[in-house]
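Encoded as structure tokens, the structure appears first; notes follow it.
Throughout, protein chains are lettered first and strands after them, A, B, ... in sequence-line order, and every chain is numbered starting at 1.
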2 protein chains.
Amino acid sequence: MPSHSPSDPDASLQAPDHRDESHELDLGQFLPYRLNSLADRISQALSRIYGERFGITIAEWRVLAWLSHREELTAKQIGEHTRMDKAKVSRAIQSLEGRTLIRRTQSSQDQRVHYLHLTREGEEMLGELIPQAHAWEAELVTTLSSGEYRDLLNTMGKLERQLARLEG
Amino acid sequence: MPSHSPSDPDASLQAPDHRDESHELDLGQFLPYRLNSLADRISQALSRIYGERFGITIAEWRVLAWLSHREELTAKQIGEHTRMDKAKVSRAIQSLEGRTLIRRTQSSQDQRVHYLHLTREGEEMLGELIPQAHAWEAELVTTLSSGEYRDLLNTMGKLERQLARLEG
DNA sequence: GGCAACTAGTTTCACTTGAAACTATATAGA
DNA sequence: TCTATATAGTTTCAAGTGAAACTAGTTGCC
């Protein structure tokens with residue numbers, strides 16, 4: 001098993017010529033596919049926790065998670081953070097409000113906007129859910145050294161920035 | 001911006017105690033979320049190539065890609081490789097067959113199974129599409145050194161194996 | 001003030017999805 | 001051989017989806 005090589009230090013090797021540009025495609029070696037299928041599997045596994053144990057969907061979970069560390073968010077802001085379209089956010093909010101996990105208060109400056117807050121009930125649920133999510137993540141990454149973990153996040157950050165550049 | 005640190009060498013640091021187990025959740029630091037949103041963005045960007053330029057869906061693209069380097073696949077095998085459920089595979093195949101990008105031949109040993117093949121037309125499309133997909137991927141990863149790229153795939157492999165272990 | 005353009009959030013509609021039921025075929029066992 | 005069970009692939013159905021239309025409220029400008 002190839003080890004976490006130190007890799008020719010910090011940069012200057014440009015295009016990763018890891019493979020020549022053939023007219024065949026090995027999806028197993030194609031980063032977008034690999035990433036997508038890994039992320040999918042992780043999402044599905046994790047959604048067993050919040051889906052089965054807590055009865056919430058991915059969208060709802062994302063809304064709650066954002067509210068857990070920033071109160072006073074609006075639907076729009078949540079949409080921006082989570083990159084979910086506004087219809088999806090709206091529906092998640094309706095469902096969470098129906099289950100009294102969150103509450104909405106209308107802004108007095110702008111009648112169109114509603115601030116979202118966790119209710120006590122919502123906080124209690126998150127108090128159980130979040131440690132379980134962290135524990136699951138910890139199990140997932142136990143086989144990584146902390147260096148590998150850090151490098152992974154780092155590399156993902158680079159890809160995100162490059163993506164923004166390509167999109168921009 | 002933290003650089004690609006060499007990280008305490010090869011291993012033995014067990015649980016990445018990168019963060020304590022709090023009752024708040026910063027989605028931006030939560031690996032499943034980060035991975036998922038990165039993969040999503042990449043998928044969407046890439047699907048602009050095969051969607052807009054070639055008029056095929058992700059599912060169709062996956063079927064074609066697998067056929068590009070292994071002829072004689074059945075619907076079931078494609079489902080296993082791509083982790084798509086059989087209904088989705090079936091629909092992708094119907095659509096591709098309708099556009100004469102693939103052809104199906106019934107197995108003589110087992111009347112239930114159909115082998116899938118690319119048609120000349122399908123091969124021609126892939127001959128254009130695959131280099132564009134590779135080129136796009138190359139642009140995405142240009143900011144990574146080849147070491148970082150290798151480490152990324154490596155780490156993803158570890159996560160995949162750990163996931164398989166957790167799933168039992 | 002009044003009109004046009006804009007924005008937050010909701011609803012509608014046509015399409016996609018996955019789970020389950022179904023069809024047709026194959027295999028194993030009594 | 002007959003019956004039960006399994007499998008490949010398709011279809012159905014109910015639920016979920018995003019794009020676009022819509023509602024209600026706001027801002028800019030004359």
Side-chain angles (χ1 to χ4, degrees), chain A residues 36-37 39-41 43-48 50-52 55-63 66-67 70 72-99 102-117, chain B residues 36-37 39-41 43-48 50-52 55-63 66-67 70 72-99 102-117:
Chain A
N36 209 66
S37 94
D40 245 40
R41 282 174 72 184
S43 268
Q44 264 183 268
L46 187 57
S47 80
R48 246 164 262 144
Y50 50 75
E52 289 171 16
I56 57 176
T57 65
I58 293 187
E60 288 163 11
W61 155 244
R62 286 181 182 167
V63 172
W66 275 102
L67 288 177
R70 279 191 222 165
E72 293 282 299
L73 283 168
T74 66
K76 193 194 177 203
Q77 290 173 314
I78 290 194
E80 283 161 359
H81 288 311
T82 60
R83 308 187 135 251
M84 300 193 290
D85 68 283
K86 58 191 187 164
K88 202 169 187 175
V89 174
S90 172
R91 292 189 267 244
I93 287 170
Q94 277 173 65
S95 161
L96 290 171
E97 200 183 15
R99 295 174 60 192
I102 64 173
R103 206 168 15 87
R104 303 192 310 163
T105 57
Q106 204 170 32
S107 161
S108 49
Q109 289 97 58
D110 186 339
Q111 308 295 124
R112 293 168 307 177
V113 343
H114 299 265
Y115 295 114
L116 304 170
H117 322 265
Chain B
N36 209 66
S37 93
D40 246 40
R41 283 174 72 185
S43 267
Q44 264 183 268
L46 187 57
S47 80
R48 247 163 262 144
Y50 49 74
E52 290 171 15
I56 58 176
T57 66
I58 294 188
E60 288 163 13
W61 155 244
R62 285 180 182 167
V63 171
W66 275 103
L67 288 177
R70 279 192 220 165
E72 293 282 298
L73 283 169
T74 66
K76 193 194 177 199
Q77 290 173 313
I78 290 194
E80 283 160 0
H81 288 312
T82 60
R83 306 188 137 252
M84 301 192 289
D85 68 282
K86 58 192 185 160
K88 201 168 188 177
V89 174
S90 172
R91 291 189 267 245
I93 286 171
Q94 275 173 67
S95 160
L96 290 171
E97 200 183 15
R99 294 173 61 192
I102 65 174
R103 206 167 16 88
R104 304 192 308 163
T105 58
Q106 203 171 34
S107 160
S108 51
Q109 288 97 59
D110 185 337
Q111 309 295 123
R112 295 169 305 179
V113 342
H114 298 264
Y115 295 113
L116 305 171
H117 322 265

Query raised in the report: Are B:Lys88 and C:dG18 close enough that a side-chain N or O sits under 4.0 Å from OP1 or OP2?
Result: yes
Requested in this report: Could you check whether B:Thr74 gets within reach of a base, just the sugar-phosphate, or nothing at all, counting any heavy atom under 4.0 Å?
Outcome: sugar-phosphate
Query raised in the report: Think A:Lys86 has a side-chain N or O under 4.0 angstrom from the OP1 or OP2 of C:dG9?
Result: no
Report summary line: To the nearest 0.5 Å, atom NE2 of B:His114 lies from atom CD of B:Glu97 at 9.0 Å
Requested in this report: Take atom CZ of A:Arg112 and atom C1' of D:dT27, then tell me their distance rounded to the nearest Å.
Outcome: 8 Å
Report summary line: Between CD1 of A:Ile58 and P of D:dG18 the distance, given in whole Å, is 11 Å
Query raised in the report: Does the side chain of B:Gln94 get closer than 4.0 angstrom to OP1 or OP2 of D:dT11 through an N or O atom?
Result: yes
Query raised in the report: Atom NE2 of B:His114 to atom P of C:dT25: distance rounded to whole Å?
Result: 9 Å
Query raised in the report: With side chains defined as the heavy atoms from C-beta onward, is the minimum distance between A:Leu73 and A:Tyr115 less than 4.5 Å?
Result: no
Query raised in the report: Closest to the B:Gln111 side chain: C:dG9, D:dT7, C:dT25?
Result: C:dT25
Query raised in the report: Whole Å only: how far is the CD1 atom of A:Ile93 from the C1' atom of C:dT10?
Result: 11 Å
Query - Separation of atom CZ in A:Arg104 from atom C1' in C:dA8, rounded to whole Å - result: 11 Å
**Report entry** Side chain to side chain, A:Gln106 and A:Gln111, heavy atoms closer than 4.5 Å
**Finding:** yes
**Report entry** Rounded distance in Å - CD (A:Gln109) to P (D:dA24)
**Finding:** 22 Å
Report summary line: Atom CD of B:Gln44 and atom P of D:dG18 are separated, to the nearest Å, by 9 Å
Query - 5' priority, DNA chain C, between A:Tyr115 and B:Asp85 [closest heavy atom] - result: A:Tyr115
**Report entry** Check: A:Ser43 side chain, A:Asp40 main-chain N or O, donor-acceptor pair, under 3.5 Å
**Finding:** no
Query raised in the report: Can you check whether B:Arg91 reaches B:Thr57 side chain to side chain, under 4.5 Å on heavy atoms?
Result: no
Query raised in the report: Between the base of D:dG9 and the side chain of B:Arg91, is there any donor-acceptor pair under 3.5 Å?
Result: no
Query - Atom-to-atom span, NZ of A:Lys76 to P of C:dC6 - whole angstrom - result: 14 Å
Report summary line: Nearest-nucleotide check on DNA chain D, A:Ala87 vs A:Gln106; residue mapping nearer the 5' end is A:Ala87
Query raised in the report: Do the side-chain N or O atoms of A:Ser90 get closer than 4.0 angstrom to the phosphate oxygens (OP1, OP2) of C:dT10?
Result: yes
Query raised in the report: Are any of B:Arg83's side-chain N or O atoms less than 4.0 Å away from OP1 or OP2 of C:dG18?
Result: no
